Amino acid sequence: MNHLAFDIAHLLAGGLVLVSLLMLYQDRLSALIRIFALHAVVLSASVAWQAITQHAPHLYVTAAIAFAFKAIVVPLALQRIVVKLGVHREIEVIGGIGVTMLFAMALVALSLAVMLPAAATATANPLAREDLAFALAVVLLGLLMMATRRNAVTQVIGFMSLENGLILAAAGARGMPLVVEISVAFSVLVALIVIGVFLFGINARFDSIDIGVIDHGRGERP
Amino acid sequence: MILSPTQAVALLLEIPAFSAVVLLALPGYVWPARLNAFACALTFACSLALVSGRTQISGYLFVDDLNAVFLVLTTFVGMTTAAYSASYLGFEIASEKLKLKYARFYHAMYQAMMFAMNLALLADNIGLIWVAVELATLTSVLMVGIYRTSAALEAAWKYFSLGSVGIALALFGTILVYLAAQPIVGEGADAMVWSILVTRASEFSPDLLNVAFVFLILGYGTKVGLVPMHAWLPDAHSEGPTPIAAVLSGLLLNVALYAVLRFKMLLSANAQALDPGPLLAALGLLSLIFASFMLYRRNDIKRLFAYSSIEHMGIAAFAFGMGGSLANFAGLLHMTMHSLTKSAIFFAVGHIVQARGTQEISRIRGLTASDPALGWGLVAGVAAIAGLPPFGIFMSEFLVISSTFARAPLLAIPLAFGIVVAFGALALRVTGLAFGSPEGQSRPVEASIAPLYVHLALALAAGVWLPPALVGWFQAVARMLG
């Protein structure tokens, strides 16, 4: 049973990294939003599995929040924004997809190389160790996505996938107080409100949510 | 003082939280601005009870020598800035730059930000400090974008995206610290309490602490504005309302550096973990050199002083990175003096921009002739920030350099070089701004001069004579920082 429990947790956490990679080579906005919903589903399954193996009922709450909010509400809201603003178009990528994927693989390798030895001395629990390595990979891939996309909606999705990695890490840390998980969920909520305000604010001003459009004047007009 | 320290701590959080709710409900701007200033003054009065009082509240809040310094400083600058913002905002609304309906929002956010900063400083819990810094970031993002111009929205968006990446990295570091503590301290809330972590840190796994510190310094360092992560700072300062620039520079950067210092203490307590000093010193020196060169080509007066903030946070981070009681003392003094002086400069700059209707340095000339009180205030502020005697920053920079000379003479050369380069840039700019014949017409501005000169007088007084009690207090903190 113990071995099986480990394998399932491993599968789910590894699956999250895989979905992160999937998100990186989407070239249509609506497809990206659907993949993000999948990302959130895998996350909530992973957190729920941690709740079972750790006998930590409060993690079910985290899993439920992740599922309801990030797998259903946010993707629907983003789809609405996309339809309403008519930005069905393709995602603009800085650098090619191929280069991005190479970077992504290097980042995954880096996170495994950094976290596995560092966590080995601290915890005898291999599950916490591997989870941490996968979580770091998801965080770094989210960062990469934010860095290589120009569109505000895609950057928001990159940021949320990054937060998913953080929740995976927090769930893997045995007995971490509930305060933090709630705050993570809360911060996502607040983040969406802020982003929403800005998306509509930006839209009202520019008729576009392409960051490239507002990225001109930096106060240093020659 | 009649208040007990525990009551004072509760009031430091309750007054801003309550005022934020009340201000959100009040229409108009004249009375809300007064109430805002009054609430800040009340908060400052409460913080005075912490000058001598120390307390600890059940694993979530505490007051020790280190955060008491910052609490008094934060509430003081919060109070003067609120007084200043009353007249600043009046002009912005009269000139229709800011819509009246946003003024209510502005005051509520101001108090929410004060609440978040007090909470971050009081927190005895690594999770709570993270939540508080995140809250402070979100409120300040909303304030930066309040003018709704395209430049303001861009600045707010940039600040938000870089700030939240920083805050995400800091959370990852926080989780790693918890994981390092959990086998030693045990599962649950105790493994996140500062006061417990510091006493047990010597038993933690050094590898995990090392990785954690890298994330924490990148995460909170973004909020400090240390140089490769500083890109949000100049935009956020130049596009938001000027009182917010004063609070960002004078207070929020300090709060983030305070968080870094707390984690540095944790690593210092573990003999096997990497020494956090060189990393912090290197980032600080890089910020100083980079920002001092960036000062030269600025043509936006608020961006100029934003880069100067990066420079000074670099000096403070360098001093703390060097470590030792003298350098720590100097770093602490430098943070205090920088808060007072930089917010004073922004007080002057805000009214100057209102009077001249432009932020472009090349279009502002002869301020001492057209607006003597503001012009000379700016000259005095820039002299203080550039490190001229007899102001306080001269003393703290002198202490940083001399303590560096004693321990690592080679490092003192780039440090002194950076300070001199920055001095040159500031001297060059301020002569153009302040002297010569005034160009264009100056709109009359009902300027509130008092906060500006109060800050300058304090910075001057500190440069001439520091009270022995204050020196003793700062020395105790310096010993604590190791």
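Not measured: the values here are computed from a predicted model. We use all heavy atoms of the structure for the numbers below, so side chains are in, but hydrogens, waters and symmetry mates are not. The chains referred to below are lettered A, B, ... by the order of the sequence lines, with proteins before strands, and numbering in each begins at 1.
With values rounded to the nearest 0.5 angstrom, A/L162 atom CG is found 10.0 Å from B/L171 atom CG. For the atom pair OG of B/S164 and CE of A/M146, the computed distance is 5.5 Å after rounding to the nearest 0.5 Å. The CZ atom of B/F172 lies 5.5 Å from the CE atom of A/M115; values are rounded to the nearest 0.5 Å.
Of the atoms belonging to B/F204, not a single heavy atom falls under 4.5 Å from chain A. Contact of B/I167 with chain A is not made at all, since no heavy-atom distance falls under 4.5 Å.
Two residues are said to be in side-chain contact when any heavy atoms from C-beta on lie closer than 4.5 Å; B/L176 and A/L132 meet this criterion.
Atom CZ of B/F62 has more than 12 neighbouring heavy atoms from other residues, nucleotides or ligands inside a 6.0 Å radius. Annotation: A/F103, atom CZ; neighbour count of heavy atoms from other residues, nucleotides and ligands within 6.0 Å does not exceed 12.
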Evaluate the side chain to side chain contact (heavy atoms under 4.5 Å, CB included) criterion for residues B/L169 and A/V139: first the C-alpha distance (whole Å), next the side-chain angles of each, then the deciding distance (0.1 Å), finally the verdict. CA-CA 8 Å; B/L169 295 180; A/V139 168; 4.3 Å; yes
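Contact between A/F159 and B/V165 at its shortest, heavy atoms only, is CE1-N, 4.3 Å. When all heavy atoms are compared, the tightest approach of A/L166 to B/A168 is CD2-O, 3.5 Å.
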